J.: 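Before I ask anything, let me first share the structure, which is written out below as structure tokens.
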Amino acid sequence: MNSASAPERPGAPVRVRCPRCQTWTDFSPVNRWRPFCSDRCRTADLGAWGREDFRLPARPPQDEDADDLLG
């Protein structure tokens with residue numbers, strides 16, 4: 001078994017890693033926090049989005065009108 005893939009269980013729900021803590025969890029209607037393993041991980045992830053921890057680096061937009069005034 002490869003540690004990077006979910007353990008295979010015939011007839012069982014799909015297993016995924018929790019995006020927050022990386023533990024294996026069922027991705028099925030039985031797991032009300034899917035794809036997270038628990039309410040704690042779901043809430044922690046939501047808090048990270050609220051703090052903008054998942055921001056992408058970007059340059060500030062260039063103001064085209066300012067270039068026209070200077071040049």
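For this chain, numbers begin at 1 and follow the sequence in order. Atoms considered below: every heavy atom in the structure, side chains included; atoms not considered: hydrogens, waters and symmetry mates. Since this is a predicted model, take the numbers as computed values, not measurements.
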J.: Check salt bridge (charged side-chain N to carboxylate O under 4.0 Å, His left out) between Arg32 and all other residues, then give those that pass, not counting sequence neighbours.
T.: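 Checked Arg32 against salt bridge (charged side-chain N to carboxylate O under 4.0 Å, His left out); zero matches.
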J.: Can you name the closest pair of heavy atoms from Pro35 and Pro19 and give their distance?
T.: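 Minimum heavy-atom contact is O-CD, 3.4 Å.
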J.: May I ask you to test the Phe27-Arg15 pair for a side-chain heavy-atom distance under 4.5 Å?
T.: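 In short, these two side chains do not touch, never coming nearer than 4.5 Å.
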J.: Measure the CG-SG distance between Leu46 and Cys41 for me, rounded to the nearest 0.5 Å.
T.: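 Spacing of CG (Leu46) from SG (Cys41) equals 13.0 Å.
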J.: Give, for atom CZ of Arg20 and atom CZ of Arg42, the distance between the pair rounded to the nearest 0.5 Å.
T.: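 So the CZ of Arg20 and the CZ of Arg42 are separated by 13.0 Å.
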J.: Looking only at non-hydrogen atoms, find the nearest pair between Cys18 and Thr25 and report the distance.
T.: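 In this case the closest contact between Cys18 and Thr25 is N-CG2, 4.3 Å.
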J.: Output a table of donor-acceptor pairs, distance under 3.5 Å, between side-chain atoms of residues 50-58 and any protein atom two or more places apart or on a different chain; print 'none' if there are none.
T.:
| unit_1 | atom_1 | unit_2 | atom_2 | d |
| --- | --- | --- | --- | --- |
| Arg51 | NE | Asp53 | OD2 | 3.3 |
| Arg51 | NH1 | Gly47 | O | 3.4 |
| Arg51 | NH2 | Asp53 | OD2 | 2.9 |

J.: Would you please name every residue forming a salt bridge (charged side-chain N to carboxylate O under 4.0 Å, His left out) with Arg34, sequence neighbours left out?
T.: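 Testing Arg34 for salt bridge (charged side-chain N to carboxylate O under 4.0 Å, His left out), a comparison that skips the adjacent residues, returns none.
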J.: Looking only at heavy atoms, what is the nearest atom pair of Arg17 and Gln22, with distance?
T.: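 Heavy atoms of Arg17 and Gln22 come nearest at NH1-O, 2.7 Å.
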J.: For Phe36, which fellow cluster members are found when Ile, Leu, Val, Met, Phe, Trp and Tyr are connected by side-chain heavy-atom distances below 4.5 angstrom, either directly or through intermediates?
T.: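 Phe36 clusters with Trp33.
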J.: Would the distance check show the side chain of Asp26 and the main-chain N or O of Pro13 forming a donor-acceptor pair, the cut-off being under 3.5 Å?
T.: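 No: the side chain of Asp26 does not pair with the backbone of Pro13.
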J.: Thr43: what forms a side-chain contact (heavy atoms from CB on, under 4.5 Å) with it, not counting sequence neighbours?
T.: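 Counting only residues at least two positions away or on another chain, Thr43 forms a side-chain contact (heavy atoms from CB on, under 4.5 Å) with Asp39.
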